[in-house]
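Just follow the structure's listing: the first ligand is 1, and inside any ligand the first atom is 1. Heavy atoms only: backbone and side chains are in, while hydrogens, waters and symmetry mates are out.
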Amino acid sequence: MYTLISATPSPYARKVRIALIEKGIPFTLQTEVPWHGTTATPAYNPLEKLPVLVQPDGTGIYESRFILEWLEVKHPTPRLLPDDAEQILAARQVEVIADGVCDAVVLLFFERLRQEPSAEWIARQRRKVEGGVRALAERAGDGFLVGGRFGLADIAAGTALRYLAVRFPEFDWAGQYPSLAAMSARLEARPSFAATVPVPQTITEKVV
Ligand SMILES: N[C@@H](CCC(=O)N[C@@H](CS(=O)(=O)O)C(=O)NCC(=O)O)C(=O)O
C-alpha cells in the first residue's frame, strides 16, 4: 500500500490526497510538519518537501504535479485529465496558476514570520496571489473548469482557493469573484474534498 507524507495545511498534498480518493486508491496518510527536524521527507526527497508518495518498496515519488502525472500513468481510471490534447494543456495551465498562487502564499507566510518583514516582498507576493486568482476567475464558469468533467484543473484550483482561507484569510476573493466562490463551494461538496479540508499546523521550530 502507498503511504502519502502530508501536512494538514498543504494544498500540494491535498491535490494528491484528492486524486488518490477520486481514483479509489487505498493509502496510509503520514501527517508531518515538514519544517521540523523530525520530518521524514529528506529520506525520500532530496528537495526535502512534501507531499511524497512512498511506494511499497520504499521509493518516494515527489513534487505534487509529478505525483499526479505518475498516478495518471499508473492508475489511469478514472481519468483526471481531459481526452483532448489541447484541453490537457489547458488543465495543466490551470495547475500552473493554482500552484503559483500557493507558492506565493507560502513565501508571504514565511516573510511575515521574519523579525523585520519586507514590505516590498510581501507586496510582490500579494500581487501574484491576486493575479493568479484573477486568472482562475477568468476561467471559471458554471461547471468544471476544463473539458466538461471533473479533473486536474478543478483539483488544483479548488485546493489553491481553499488554502487561501488557511494562510491568507484577509483576501476576500470570494466576494470579488462570485463565480469562483460558487465553483469552490461545488468542489468542496465532493467527498474527496470534504475528507481533506486543510487546517493550520503549529510550527515550533525556528524556520526563518
Ligand atoms: N512544488 C512542491 C511544493 C511543496 C511544498 O512546498 N511543500 C511544503 C509544505 S506545504 O507548504 O505544502 O505545507 C514543504 O514541504 N516545505 C518544506 C521545505 O520547503 O523545506 C509541490 O508541488 O509538491
Could you tell me whether [X] and [Y] have a side-chain N and a carboxylate O separated by less than 4.0 Å?
| X | Y | result |
| --- | --- | --- |
| E188 | R14 | yes |
| E63 | K49 | no |
| R114 | E111 | yes |
| R92 | E72 | no |
| R190 | D154 | no |

> Taking only heavy atoms of P51, which atoms of ligand 1 are found under 4.0 Å from at least one of them?
Replying inline: 23 (O)
> In ligand 1, which numbered atoms sit nearer than 4.0 Å to a non-hydrogen atom of E48?
Replying inline: 17 (C), 18 (C), 20 (O)
>> How far is atom 11 (O) of ligand 1 from the closest protein heavy atom, and which atom is that?
In response: V106 CG2, 3.9 Å
>> For atom 22 (O) of ligand 1, what is the closest protein heavy atom, and at what distance to 0.1 Å?
In response: S64 OG, 2.5 Å
> N/O to N/O below 3.5 Å, does that happen between L50 and ligand 1?
Replying inline: yes
> Between S10 and ligand 1, does any nitrogen or oxygen pair lie at a separation below 3.5 Å?
Replying inline: yes
> What part of Y62 sits under 4.0 Å from ligand 1 if we count only heavy atoms: the side chain, the backbone, both or neither?
Replying inline: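 Answer for Y62: neither.
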> Nearest non-hydrogen atom to atom 18 (C) of ligand 1 belongs to which of Y163, F110, Y12, W35?
Replying inline: W35
> If you measure from atom 1 (N) of ligand 1 to every heavy atom of K49, E63, R167, which option wins on shortest distance?
Replying inline: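 Of the listed residues, E63 has the closest heavy atom.
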> Could you walk me through whether T3 and Q30 pass the side chain to side chain donor-acceptor pair (under 3.5 Å) check?
Replying inline: CA-CA 7 Å; T3 294; Q30 181 174 314; 5.3 Å; no
>> In terms of relative ring orientation, are H75 and W70 parallel, tilted or perpendicular, with 30° and 60° separating the classes?
In response: tilted
